[in-house]
Amino acid sequence: MSSVNFLLDKHHHEQSETIIRLLSGLGIRMGKAVTFNNAIPATRSDSWPGNVIHVIDAHSLSSTVVKQITVDMDKEERKTINQGQEDEMEIYGYNLCRWKLAIVSVGVVCTGGFLLLLLYWMPEWRVKATCIRAAIKDCEVVLLRTTDEFRMWFCAKIRLLSLKTHPFLSPKSVADKVSNGHAVLLTENLAEENGLEISKYSQTQPEQIRYFTHHSVKYFWNDTLHNFDFLRGLDEGVSCTSIYEKHSAGLTKGMHAYRKLLYGVNEISVKVPSVLKLLIKEVLNPFYIFQLFSVILWCTDEYYYYALAIVIMSVVSILSSLYSIKKQYIMLHDMVAAHSTVRVSVCRVNEEREEIFSTDLVPGDVMVIPLNGTVMPCDAVLINGTCIVNESMLTGESVPVTKTNLPNPSVDIKGMGDELYSPEIHKRHTLFCGTTVIQTRFYTGELVKAIVVRTGFSTSKGQLVRSILYPKPTDFKLYRDAYLFLLCLVAVAAIGFIYTIINSILNEVEVGVIIIESLDIITITVPPALPAAMTAGIVYAQRRLKKIGIFCISPQRINICGQLNLVCFDKTGTLTEDGLDLWGIQRVENTCFLLPEENVCNQMLVKSQFVACMATCHSLTKIEGVLSGDPLDLKMFEAIGWILEEATEEETALHNRIMPTVVRPPKQLLPESTPAGNQEMELFELPAIYEIGIVRQFPFSSALQRMSVVARVLGDKKMDAYMKGAPEVIASLCKSETVPVDFEKVLEDYTKQGFRVIALAHRKLESKLTWHKVQNISRDAIENNMDFMGLIIMQNKLKQETPAVLEDLHKANIRTVMVTGDNMLTAVSVARDCGMILPQDKVIIAEALPPKDGKVAKINWHYADTLTQCSNSSAIDSEAIPIKLVHDTLEDLPVTRYHFAMNGKSFSVILEHFQDLVPKLMLHGTVFARMAPDQKTQLVEALQNVDYFVGMCGDGANDCGALKRAHGGISLSELEASVASPFTSKTPSISCVPNLIREGRAALITSFCVFKFMALYSIIQYFSVTLLYSVLSNLGDFQFLFIDLAIILVVVFTMSLNPAWKELVAQRPPSGLISGALLFSVLSQIIVCIGFQSLGFFWVKQQPWYEVWRPHSDACNTTGSQYGNSSHLYNETEDDPHNIQNYENTTVFFISSFQYLIVAIAFSKGKPFRQPCYKNYLFVLSLIILYVFILFIMLHPVASIDQVLQIVCVPYQWRITMLIIVLVNALVSVMVENFCLDMVLWKVVFNRDRQGEYRFTTTQPAQVGNQRLLSILHVYLDCQLCTLCSVECSVMCCFILFPYAWHFHFL
């Protein structure tokens, strides 16, 4: 019985398992059929003591089986890191191969180092050329590939972290912690961490840990996952209970040293590279390598002047680039260096305090927050005391935020011991890196403490800096098309290369000359100045944006902004004014609303529970004597005219607890005597002063949409709980008998008018709740069974410029969307007021409900103005749809546009359970309310997925993720958070949006013009040289120099100066070069230029005076021509070994020189995206000077100029003929570009003028279309009359209706 041996490496236990599993799946007998080389029978559950697997009945194991086993083993080794995250990557293992390395070394020598450059540019090729595949856990190099649309490759070297040199770890503890280079994750229990058993692989030394670093993050080998993973801190998988029970005591010095070894130094290190390193990296750019190749080639061909000019240009470009990059690194370094090295105090296990540098902090350290505040050097969760923090660096909000200690579930009345700590969920208890702690408040004898949860680049600020250091590449069709176009030019160059070789061989040219001329044709076809020329328009646009107060940190995004066709706007602070004004209040008495009241600051209300709630339920604090906090809270507190007093540090030190913040009304508001009969006032009757102390504060939570406080009136035995927040939420937490029956109607009336409404509630707490119990009680125990007290109505006015800006965007067919955290109906009302939704348009609210109690998810649809109708709120009445299909043609049909609106919860449910509806809702969704920051980012991504170019405009508060994700993010905040946004407006006005789009369109059209011009320049010069090669001639050195410097560079850098058109138009520029209009433009001009150049080249040979030019040729008839005489003298004195001087050369030079200027004028278009070219004075002046100069030397030759340019004398009649050829060429080029292309093709063929219009169209005949739409609407209305309660009905209805709704063209 024969057998097949599978020779395995000594560590490949998983591969053995894989093979056994595969053999079993393929029908090969197991059990005795599979044994090891020591002849011990094995089953799948056995351990594998051997290195060779013997398979009995080898004939059943075909080559296909072996191949399938190999493929499956490869798949086993293809793993993913950061799964499900934005930076998800596939990872492959490789080991260095000596024979491959030797072959590559020989190749590098043979190619003169070019292969080395190629491998430097291509990480994937570099690794595969020098390494062989290996198991990931034993590899020496890892190859990483991103899983996004860019599929970028990176490589990293595996390093070993040695523990031998650290005396704090005994060999036994090391063996317990690490083995085979496998690091231990940070677990909750330190004893559990010390005793963790992972010594499965005894062959590897336990003193080493395997890891690699990618984008400033270390990835350690995780034995549990059988994969590399980054080392987490206390921010994942740690419960709130264990934060107190297992981590609040601090670390021992030994554990601190061990963790520091793994986590490294706590710093966000932005190293500023040396000038030499930046220079090498810049010089090794493929563009500069190509320029170096070109310069060497030109020097070999004795084109010294042109080569020198290119060298000077390159040096200037490199120096400019180095200065810009160095400056950006320094700015970023200075921004993150604020917290890099400060002294901090930490608590150890034995209750001693130790002073250490902030760079030595590790997760698990208990940090003492100093009294005078500090800049946080890490992310930490507060476990003792209260802090007032300025988080403007992260959120864009300069408003101080109060941070309280994390609730301790073990001592809460209603504990939630299983709740996991999360920096996002518990951000009101988390101090984030880079934020400034302004003040601290504490118990006597107890310090303000925080447990370090994340350090270094894992912190929130570190992740922001990483996104700046390692940005995602810009995906834009223009750049992709540019590369394709360059490849086309390379293909053209290859044709010229082959033609030159064949032509030279047929004419028996020397080998050296053949090589130089054939390579020279490549440098002509692919112009080295192309990248610099393409950048010019962007640089000029950036300068113009800076003049109008828009700053850009990502210049390449300017071009993309020219394609924006949808802009998302935040509401508060963006569309509306930042501040809120108190419009009035509406109190509730005896379960009924009273009339609205404007003046809250009066003696009648001063001791009411309503005003007490307004006075206490806020997060205001005094900083240097000035009241600071949320603008809404400030307006509310200022409206009642009360006074806030905070305890000083000395007063706090006298008591064994935190002294409460006290609020009291001014004396003039207090009545002299309180009526005894007023029962509402009885609790507040005090003979002396009336004060309320805030005992405990539960900060506002965007997830809960409310905040609450526990307060006590001076002299009262019982405490009071006050709560304010979103009306719907507050009402749900109140006793139903205290909520007015018309609550929903009153709320709807206010929100439809655009007011921001806040509800208040109150209840008396039990007398058994003491001070200390209140400090540890959960907010759920407080926030229930409340009494509804009424509403506060705040007015948020539209900014003056908002309606006009949105109208301009709509006229330009740029769709606008509102993304806000505010109430749904308030958002809809503001959308109507600002013109985002027109008065005649209908708003349909999509209310998605998640699966619950075994029921599937469903969507209810209703109009915005029927939101509060309980019974049939989800039904859209058939009579409410104003489309009446009684017309014979669709053109006569009155079109009503529909807008969808939804809140953040519905949006999340639809994303998860109704993915097929997402594209359709994205096409018509206009208002997105109650959106969390991550939901804003998801919305931008969803809009991008339906091929929108999305702009995002926000004031920096909670918009950072969306600003960064959008194609064009515009921050209206100048704070440090705007570093995440490509654009920042100096003035907080949305008028920057149309300005940015106009400049983007101008820059985009400029890029197209420049690219087309450079393409024509290449082809014209390429064809000139090809024609001259046919007569074994070429352009002269100074001819090249004159064309490339005097004509091309001057034209390119001046034609880019056209400013943007003064207004936005409905047309949009094309997004890529590979479009019908642009291709027609380029190809038609190429044909025209080649035709006229060929005409001149061949026509000159037909002239009666023509002969093969020699130094003594006298075509000008020197006896009768003064002009010819001067040139003839030069002809007799100079020899021309390169055959530059001849009639063909002179003819081609003059015609081609004019052609460059002709196509520059033809391509320099102005309206509708740029100002007319005649307003570009530098461009016009340059063209005039060049035209006059070339005409002068053509019609009136000057001997010295002819000598430098190597031009020969031709008869005056031929000069006039060349002028006629040039004039006809100019006429044809301008006619083709402006008449055929703009007036015919773009309107008839390319439908340029129809982009983005609101139209109701159909491809079917009108009558058929009406019948089809009528039947669809019948189905739709039938579905609505069934209330659309079932998911199946609503989904089917949407599938039928929406394809026709697409034709409303909300694009």
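Numbers here are sequence positions counted from 1.
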Checklist entry - With no hydrogens and no angle check, is any side-chain donor or acceptor of H256 less than 3.5 Å from a backbone partner on D360? => result yes
Checklist entry - Y219 vs F212 aromatic rings, parallel, tilted or perpendicular, using cut-offs 30° and 60°? => result parallel
Checklist outcome for this item: For L119 and A129 the tightest heavy-atom approach is CD2-CB, 4.3 Å
Next on the checklist: Can you confirm whether S458 sits close enough to R232 that some side-chain heavy atom of one is under 4.5 Å from a side-chain heavy atom of the other?
Outcome noted: no
Next on the checklist: Between I356 and V344, is there a side-chain heavy-atom distance shorter than 4.5 Å?
Outcome noted: yes
Item to check | Minimal non-hydrogen separation, H426 against L420, with atom names | outcome: CE1-O, 3.3 Å
Checklist entry - So, the side chain of K326 versus the backbone of P273: is there a donor-acceptor pair under 3.5 Å, distance only? => result yes
Checklist entry - Out of curiosity, I369 CD1 to C387 SG, how far, rounded to the nearest 0.5 Å? => result 5.5 Å
Next on the checklist: Checking the side chain of E88 only, and the main-chain atoms of T147 only, is there a donor and an acceptor separated by less than 3.5 Å?
Outcome noted: no
Next on the checklist: If the condition is side-chain hydrogen bond (donor to acceptor under 3.5 Å, both in side chains), which residues does T374 pass it with, not counting sequence neighbours?
Outcome noted: none
Checklist entry - Taking D379 for the side chain and C433 for the main chain, is one N or O donor matched with an acceptor at less than 3.5 Å? => result yes
Checklist entry - When the ring planes of F154 and H215 are compared, do they come out parallel, tilted or perpendicular, using 30° and 60° as the limits? => result perpendicular
Checklist outcome for this item: In terms of heavy-atom contacts, N95 and D138 come closest through OD1-O, 3.6 Å
Next on the checklist: Measuring only between side-chain heavy atoms, which start at C-beta, is L262 closer than 4.5 Å to Y211?
Outcome noted: no
Checklist entry - Going by heavy atoms in the side chains, are I158 and V142 under 4.5 Å from each other? => result yes
Checklist entry - With a 4.0 Å cut-off, would you call D365 and R348 a salt bridge? => result yes
Next on the checklist: Is any side-chain heavy atom of F432 closer than 4.5 Å to one of K427?
Outcome noted: yes
Next on the checklist: Is it the case that the side chains of R353 and S345 hold a donor-acceptor pair, with the cut-off being a distance below 3.5 Å and no angle test?
Outcome noted: yes
Next on the checklist: Please determine whether side-chain contact (heavy atoms from CB on, under 4.5 Å) holds for the pair M376 and M367, giving the CA-CA distance in whole Å, both sets of side-chain angles, and the decisive distance to 0.1 Å.
Outcome noted: CA-CA 10 Å; M376 286 299 296; M367 177 183 172; 4.2 Å; yes
Next on the checklist: Are V238 and H247 packed together at the side-chain level, in the sense that at least one heavy-atom pair is separated by less than 4.5 angstrom?
Outcome noted: yes
Item to check | Expected output: side-chain K260 to main-chain N266 donor-acceptor under 3.5 Å | outcome: no
Checklist entry - With side chains defined as the heavy atoms from C-beta onward, is the minimum distance between V448 and N384 less than 4.5 Å? => result no
Next on the checklist: Less than 4.5 Å apart, side chain to side chain, heavy atoms only: is that true for V342 and V375?
Outcome noted: no
Checklist entry - Would one find more than 12 heavy atoms of other residues, nucleotides or ligands at under 6.0 Å from atom CZ of R151? => result yes
Next on the checklist: According to salt bridge (Lys or Arg N to Asp or Glu O under 4.0 Å), does anything in residues 153-162 pair up with another residue at least two apart or in another chain? List the pairs.
Outcome noted: none
Next on the checklist: Show the nearest heavy-atom pair for residues P370 and T440, with the distance to one decimal.
Outcome noted: O-CG2, 3.5 Å
Next on the checklist: Quick check for you: to the nearest 0.5 Å, what is the distance between K218 atom NZ and L161 atom CG?
Outcome noted: 6.5 Å
Next on the checklist: Looking at C139, is its backbone amide N or carbonyl O close enough to the side chain of R210 to form a donor-acceptor pair, meaning the two atoms are under 3.5 Å apart?
Outcome noted: yes
Checklist entry - At their closest point, which heavy atom of G456 faces which heavy atom of I268, and how far apart are they? => result O-CG1, 3.7 Å
Item to check | Non-neighbouring partners of R145 that pass side-chain hydrogen bond (donor to acceptor under 3.5 Å, both in side chains), sequence neighbours left out | outcome: E90
Item to check | Donor-acceptor side-chain pairing of Y421 and S242 below 3.5 angstrom | outcome: no
Checklist entry - Is there a donor-acceptor contact under 3.5 Å from the side chain of E352 to the main chain of C347? => result no
Item to check | K277 atom NZ, neighbour heavy-atom count above 12 within 6.0 Å | outcome: no
Checklist entry - Is the backbone of T80 close enough, under 3.5 Å, to the side chain of N227 for a donor and an acceptor to pair up by distance? => result yes
Checklist entry - Hey, does the side chain of R696 reach the backbone of I777 with a donor-acceptor pair shorter than 3.5 angstrom? => result yes
Item to check | Distance in Å, L231 CG paired with N222 CG, rounded so as to fall on 0.5 Å steps | outcome: 9.5 Å
Item to check | Spacing of CG belonging to D235 relative to OG belonging to S422, to within rounding of 0.5 Å | outcome: 8.0 Å
Checklist entry - Taking all non-hydrogen atoms of both residues, which atom of R259 and which atom of P363 are closest, and how far apart? => result NH1-O, 2.8 Å
Next on the checklist: I need the L361 CG to T455 OG1 distance, nearest 0.5 Å.
Outcome noted: 8.0 Å
Item to check | Side-chain H-bond candidate by donor/acceptor type, Y94 with T130, under 3.5 Å | outcome: no
Checklist entry - Which distance, rounded to the nearest 0.5 Å, do you find between the NZ of K246 and the OG1 of T241? => result 9.0 Å
Checklist entry - Checking S248 side chain against E245 main chain: does a donor-acceptor pair fall under 3.5 Å? => result no
